[in-house]
Colleague: 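The structure under discussion is supplied below as structure tokens; questions concerning it will follow.
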Amino acid sequence: MSQLQPVRGTHDLLPDEMRRYRFVVDQARAAAECFGYHEMATPIFEFSEVFKRTLGDTSDIVTKEMYTFTDRGGETVTLRPEGTAGVARAFISGGLAQHLPLKYFYSGPMFRYERPQKGRLRQFHQTGIELLGVADPIGDVEIIATGVEFLRRIGAWERCYLEINSLGDAESRKAYRDVLVAYLSAHKDQLSKESLERLERNPMRILDSKDEGDRKIVADAPVYSDHLNEASRDFFQRVLAGLDALGIAYKINPRLVRGLDYYCHTCFEIISNDLGAQGTVMGGGRYDGLVGIMGGTETPGVGWASGVERCMMLLQQDPPARRPIALIPVGAAAERECLVLADQLRRLGLYAELGYSGNVGKRMKRANKLNARVAVILGDDELAKKVATLRDLDSGEQREIAMDALAQQLEAY
RNA sequence: GCGGGCAUAGCUCAAUUGGUUAGAGCGCUGGAUUGUGGAUCCAGAGGUUGCGGGUUCAAGUCCCGUUGCUCGCCCCA
């Protein structure tokens with residue numbers, strides 16, 4: 001083992017992995033484009049305020065997971081831990097409110113200082129979409145449909161399930177929060193240590209506790225859906241009706257709560273059982289309050305983010321690598337000829353590999369290792385006749401082709 | 001941030017109770033084959049046993065520390 005190791009929780013994407021990475025992101029982008037989402041990118045770091053303000057001072061991300069540093073100008077900046085805050089910031093700083101509704105797709109690295117484990121990295125990648133300016137539940141339905149379509153395309157949807165819940169509007173949320181805190185406070189002595197902390201910071205999280213004692217108390221806790229106001233209840237029903245219409249199966253999980261403060265109404269996760277403790281492949285929801293919190297004019301928003309590495313783990317097979325045409329010269333004259341031929345083929349958009357050294361046998365071996373589809377063998381014999389020997393490496397069939405017709409012939413591969 | 005497990009060749013793994021020069025398969029390189037790949041055969045290269053310290057006549061093996069990985073908690077993608 002070398003002494004030179006990558007920073008903890010980061011890893012290299014070598015070509016085999018990069019192919020899988022690209023496949024996932026390409027499918028996400030393609031699916032999103034079918035729904036009218038346009039790709040955009042924001043910087044991978046922002047003023048720390050951007051994340052602090054939007055994620056809430058008490059969230060785990062802000063309290064312990066941010067990569068924050070001071071730059072040479074004395075500014076405090078943070079490597080983005082998620083994508084939505086940056087998009088919202090761009091929306092405000094770009095004065096884009098006049099172009100609503102906006103539909104954005106993004107993908108790129110995110111950074112969280114956490115203890116790495118399977119499916120959890122310090123630098124990981126997300127791809128996501130944001131729909132800004134649509135207050136109607138049809139927006140919630142559409143983004144979920146987009147996510148499902150993406151997962152279908154990578155063959156992962158079959159092994160995932162959708163959990164959904166409503167966080168209600170601000171009014172419902174506040175009302176419920178009061179009732180819940182009152183109930184839990186009455187059972188303070190029985191709560192786990194973690195949950196006692198959560199009681200202060202984020203009491204709704206206690207509903208999702210895995211501690212057995214907590215679960216007993218939670219079982220009898222007031223149920224949120226009973227405390228949703230009329231408008232919130234109606235909103236949720238319309239989202240569910242949309243999913244029904246699209247034939248998207250879901251499981252209502254009343255304990256599903258988002259850690260981030262700006263979510264309201266719909267929140268959902270798409271989860272796989274095949275990934276161990278970190279099974280969430282996609283998470284999202286509605287964040288009507290976010291743009292307002294950041295100082296923009298109130299603008300409704302819905303979106304999701306999906307972990308690229310986690311999606312990669314769900315791929316059943318590796319996306320195929322492109323197969324080259326191998327050019328195999330024999331002799332110095334042919335060498336020159338192949339160099340030119342390769343250039344011609346590449347201008348046609350074909351993938352041509354030039355063996356760099358060795359005799360025919362060695363070059364053939366190398367061509368085979370590259371999984372070449374066909375080999376073009378060019379020697380003095382061929383040059384004299386103005387032909388090339390074309391060998392199909394799958395069938396082993398071999399024939400001579402006139403040089404004039406060669407490029408055209410190869411385009412078929 | 002907390003708790004458990006693991007670390008031997010590029011990869012997957014051996015190595016008896018602590019005992020000689022740390023082995024095998026795959027992969028890699030070369031050859032059989034200087035105008036024909038895959039299959040086969042032959043040969044070769046490749047190791048500070050993660051790192052540092054300790055115990056011992058003797059450490060891959062035992063002890064301590066450290067780094068990394070891994071599984072779980074927390075939280076999430």
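It should be emphasised that the depicted structure is a prediction, and the values quoted were computed from it without experimental measurement. We use all heavy atoms of the structure for the numbers below, so side chains are in, but hydrogens, waters and symmetry mates are not. The sequence lines fix the lettering, A, B, ..., with proteins before strands; numbering per chain opens at 1.
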Colleague: Which of these passes side-chain hydrogen bond (donor to acceptor under 3.5 Å, both in side chains) with A/Arg286: A/Thr266, A/Asp140, A/Asp169?
Modeller: A/Asp140

Colleague: Searching all strands shown, indicate the nucleotide that pairs with B/rC11 (Watson-Crick or G-U wobble; both distances under 3.5 Å).
Modeller: B/rG25

Colleague: Would you call the rings of A/His265 and A/Phe235 parallel, tilted or perpendicular if under 30° counts as parallel and over 60° as perpendicular?
Modeller: parallel

Colleague: NA contact type, A/Ala305, heavy-atom cut-off 4.0 Å: base, sugar-phosphate, or nothing?
Modeller: sugar-phosphate

Colleague: Distance between the C1' atoms of B/rC63 and B/rC71, in whole angstroms?
Modeller: 25 Å

Colleague: Go through the steps for A/Arg346 and A/Asp343 under the test salt bridge (charged side-chain N to carboxylate O under 4.0 Å, His left out), then give the verdict.
Modeller: CA-CA 5 Å; A/Arg346 289 161 179 165; A/Asp343 190 56; 5.9 Å; no

Colleague: Please check if atom CZ in A/Phe69 has more than 12 non-hydrogen atoms from other residues, nucleotides or ligands closer than 6.0 Å.
Modeller: yes

Colleague: Could you tell me how far B/rA43 sits from B/rC6 if I compare only their C1' atoms? Round to whole Å.
Modeller: 36 Å

Colleague: Taking side-chain hydrogen bond (donor to acceptor under 3.5 Å, both in side chains) as the criterion, tell me which of A/Glu142, A/His38, A/Glu130 meets it with A/Lys103.
Modeller: A/Glu142

Colleague: Tell me which nucleotide, if any, is Watson-Crick or G-U wobble paired with B/rC6 when both distances must be under 3.5 Å.
Modeller: B/rG68

Colleague: Under a 3.5 Å limit for both distances, which nucleotide forms a Watson-Crick or G-U wobble pair with B/rG30, could you say?
Modeller: B/rC42

Colleague: With sugar-phosphate meaning primed atoms plus P, OP1 and OP2, does A/Gly9 contact a base, only sugar-phosphate, or nothing at under 4.0 Å between heavy atoms?
Modeller: sugar-phosphate

Colleague: When you check every protein heavy atom under 4.0 Å of nucleotides 35-41 of chain B, what one-letter string (B, S, -) results, 5' to 3'?
Modeller: BBBB---

Colleague: Can you tell me how far P of B/rG10 sits from CG of A/Asp16, to the nearest Å?
Modeller: 18 Å

Colleague: Regarding A/Glu309, tell me which of base, sugar-phosphate or nothing describes its non-hydrogen contacts under 4.0 Å with the strands shown.
Modeller: nothing

Colleague: Taking the same atom, C1', in B/rG18 and in B/rG60, what whole-Å distance lies between them?
Modeller: 11 Å

Colleague: Both distances below 3.5 Å, Watson-Crick or wobble geometry, any strand: find the nucleotide opposite B/rC75.
Modeller: none

Colleague: Check the distance between B/rC2's P and A/Tyr113's OH and give it to me in whole angstrom.
Modeller: 11 Å

Colleague: Determine the contact category for A/Met110: base if any of its heavy atoms lies under 4.0 Å from a base atom, sugar-phosphate if only primed atoms, P, OP1 or OP2 are that close, otherwise nothing.
Modeller: nothing

Colleague: CG of A/Leu14 versus P of B/rC11: gap in Å, rounded?
Modeller: 12 Å

Colleague: Whole angstroms only, please: what is the CD-P distance between A/Gln117 and B/rG72?
Modeller: 6 Å

Colleague: Taking atom P in both B/rU48 and B/rA9, what distance in whole Å separates the two?
Modeller: 9 Å

Colleague: Without decimals, in angstroms, what is the distance between A/Ile154 CD1 and B/rA77 P?
Modeller: 16 Å

Colleague: Taking the same atom, C1', in B/rU56 and in B/rC62, what whole-Å distance lies between them?
Modeller: 10 Å

Colleague: What is the separation between atom OH on A/Tyr106 and atom P on B/rA77, rounded to the nearest whole Å?
Modeller: 9 Å

Colleague: Applying side chain to side chain donor-acceptor pair (under 3.5 Å), name anything that partners A/Arg238, two or more places apart in sequence or on another chain.
Modeller: A/Asp136

Colleague: As a test of understanding, state which of A/Phe23, A/Phe150, A/Tyr21 forms a side chain to side chain contact (heavy atoms under 4.5 Å, CB included) with A/Cys311.
Modeller: A/Phe150

Colleague: With a 4.0 Å cut-off on heavy atoms, is A/Gly128 in touch with a base, just the backbone sugar-phosphate, or nothing at all?
Modeller: nothing

Colleague: Using heavy-atom distances to pick each residue's nearest nucleotide on RNA chain B, tell me which of A/Leu121 and A/Lys118 is more 5'.
Modeller: A/Lys118

Colleague: Mind checking the C1' distance from B/rA24 to B/rC64? Whole angstroms is fine.
Modeller: 33 Å

Colleague: Is the closest basic N to carboxylate O distance between A/Arg152 and A/Glu149 below 4.0 Å?
Modeller: yes

Colleague: Now, which nucleotide makes the Watson-Crick or G-U wobble pair with B/rA59, with each of the two distances under 3.5 Å?
Modeller: none

Colleague: Tell which nucleotide pairs with B/rG47, taking only Watson-Crick or G-U wobble pairs whose two distances are both under 3.5 angstrom.
Modeller: none

Colleague: Between B/rU67 atom P and A/Arg115 atom CZ, what is the distance in whole Å?
Modeller: 11 Å

Colleague: For B/rU8 and B/rU61, measure between their C1' atoms and round to the nearest Å.
Modeller: 11 Å

Colleague: Apply side-chain contact (heavy atoms from CB on, under 4.5 Å) to A/Lys52 and A/Met66, showing your working.
Modeller: CA-CA 10 Å; A/Lys52 276 197 191 145; A/Met66 295 211 306; 4.1 Å; yes

Colleague: Is a donor-acceptor pair below 3.5 Å formed from side chain A/Arg120 to base B/rC75, judging by atom type as modelled?
Modeller: yes

Colleague: Using atom P of each nucleotide, how far apart are B/rA22 and B/rU49 to the nearest Å?
Modeller: 10 Å

